[in-house]
Structures are given as C-alpha cells and as structure tokens.
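Each remark here refers to the structure printed beneath this line.
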Amino acid sequence: MMLMRREGKQVAYLGTAFVVHRDGYMLTAASLIADGSETSELVVAPADLSQVFAPITIEAVAPLKVVVVQMDREHGIALLRFDPQLQVEVPDRIIGNPEMYFDGSSAMALGFSFAHYRIHNAIGRSTVISARIQTPNGTKLMLIDQRVHEGDVGGLLVCVQDERVIGLILGRFDPTELRRDEHHDDVQIVTGMSQVVSIEYGAALMQAEGLTVT
C-alpha cells in the first residue's frame, strides 16, 4: 500500500507499507515517520488493481487512516494499524525466517518505486540475496543486487522459494554509512545494491502488540 501523510485536502506520498496481519496491521520503515510525528495523520491507499494494465496515476483516492502502534527506531521498522480497525485478507504463513535461506537465494523486491512522481503502480523486481551482514549495532541486514528507489522504502522482500516475506526495504546500500567515523565526507561510493532489514524485527513488534505471527 502507498503510505501518505494528509495535508489539508491533499496527501503527500511517503513510501510503501504492506499488510502482515488479518486484523489490519501493516509494517513500514520507521524512517518514513519523522520523530515526534507518530500522532500525525497518516493514511494508506492501495494500487488500482481493477485493470490488467492500470493507469499510471490515480487522480483521486479514498485513503484509509492508520496509526502507529509500535516503533523500533534502532532496527528501522514501524507497525501500523487501520483506524478504525479493519479485517483484511492476508496469506497464511506470511512471515518467513531469513536464516533458513542462503546467499544467492532468489527473491522479489516490491514497492511503489516512483509514486513520488505520481506513478502509482506497485513494481516488483527480481533480485538475489547477495549477503547477510550485521551492522556495528548488531542489526541483521540483507544486501540485494538491485538498486531500489525512494518510493520502495518500507516495501517488502519476498523469497521466491516459498513466497514468504523475509525483509523490509530500508533503501540503497552505502558501505561508508556502516562506519562513518572511518571515512572522509568527500568519499563517495555508489553501489547498485540495496539494504533490507530482517523481518524478524517486524515479527517482534507484532508479538509486542499481542499478535500471533504466522
């Protein structure tokens, strides 16, 4: 779903969110929700799936209000819920375990890549898990061989093998960010890779909310 912030009679696109529980809960990237703005009016809207070849722009939307119910800034994940609460359909056994797979596993990255430019189509890209690493603070990340875009942040990484969600897209991978104090500010490295945080942190937020993770 497209995650947006209501601004008067209009909405401003923030990034991607995806439903993970039938009681109307979604996960997204914590970076999309500014500090202190957890109580601001956030809304979501789905893509137009009424046609096989959908129009690139949705001129008018009926956004659904969501609220932040759990936040993990350290690992970059937020848990949202429809407000008022809604029942939705989600696949069984949606959450996977990234430790069960291996480097080189096929996956698909999904997000609203270009929604900032009013292209409101969800876009999927084939990728592989290039590496699994831990950051200096212990956060478990997966590196994938696709360069995601700003609109993909908050999107999901799905393992092709069993169609389960194994990660949440954080953005492009910059190796200098891992140890900023060891690199000069004028050193720039542009990679074609992106970073995805392990879905286990999202599962932990769901459990903290009292949800059963399947």
inquiry  = Take a 6.0 Å sphere around CD of E150 and say whether it holds more than 12 heavy atoms from other residues, nucleotides or ligands.
reply    = no
key: Worked verdict on T135 versus L141 for side-chain contact (heavy atoms from CB on, under 4.5 Å)   = CA-CA 7 Å; T135 67; L141 297 178; 3.4 Å; yes
query = How about Q87 and D23: does a side-chain donor come under 3.5 Å of a side-chain acceptor?
reply = yes
ask   = Checking salt bridge (Lys or Arg N to Asp or Glu O under 4.0 Å) for the pair E99/K140: CA distance, chi angles, key distance, verdict?
value = CA-CA 10 Å; E99 295 188 2; K140 296 178 183 179; 3.1 Å; yes
ask   = Parallel under 30°, tilted from 30 to 60°, perpendicular over 60°: which one fits the rings of H75 and Y201?
value = parallel
key: Cationic N near anionic O, under 4.0 Å, R5 to E41   = no
F82 and its side chain to side chain contact (heavy atoms under 4.5 Å, CB included) partner, picked from V44, V43, V67 = V44
remark   = Quick note, salt bridge (charged side-chain N to carboxylate O under 4.0 Å, His left out) partners involving residues 86-98, not counting sequence neighbours, are R22-D92
ask   = What's the spacing between L32 CG and Y13 OH if we round to 0.5 Å?
value = 8.0 Å
request  = Check whether more than 12 heavy atoms from other residues, nucleotides or ligands sit under 6.0 Å from atom CD of Q85, and answer yes or no.
outcome  = yes
ask   = Nearest 0.5 Å, what's the OG-CD distance between S194 and Q146?
value = 7.5 Å
ask   = Given the rule in the side-chain hydrogen bond (donor to acceptor under 3.5 Å, both in side chains) test, do D145 and S130 qualify, once you have shown the distances and angles that lead to the verdict?
value = CA-CA 6 Å; D145 68 338; S130 300; 4.7 Å; no
ask   = Can you tell me how far the CG atom of L168 sits from the OG1 atom of T28, to the nearest 0.5 Å?
value = 6.5 Å
query = Residues two or more places apart in sequence or in another chain: which of them pass side chain to side chain donor-acceptor pair (under 3.5 Å) with S113?
reply = R125, D152
inquiry  = Apply side-chain contact (heavy atoms from CB on, under 4.5 Å) to residues Y25 and L80 and explain how you reach the verdict.
reply    = CA-CA 6 Å; Y25 288 86; L80 313 176; over 6 Å; no
inquiry  = Quick one, V158 with V160, criterion side-chain contact (heavy atoms from CB on, under 4.5 Å). Give me CA distance, side-chain angles, the key distance, then yes/no.
reply    = CA-CA 6 Å; V158 178; V160 172; over 6 Å; no
ask   = Would the H120 and F112 ring centres measure less than 6.0 Å apart?
value = no
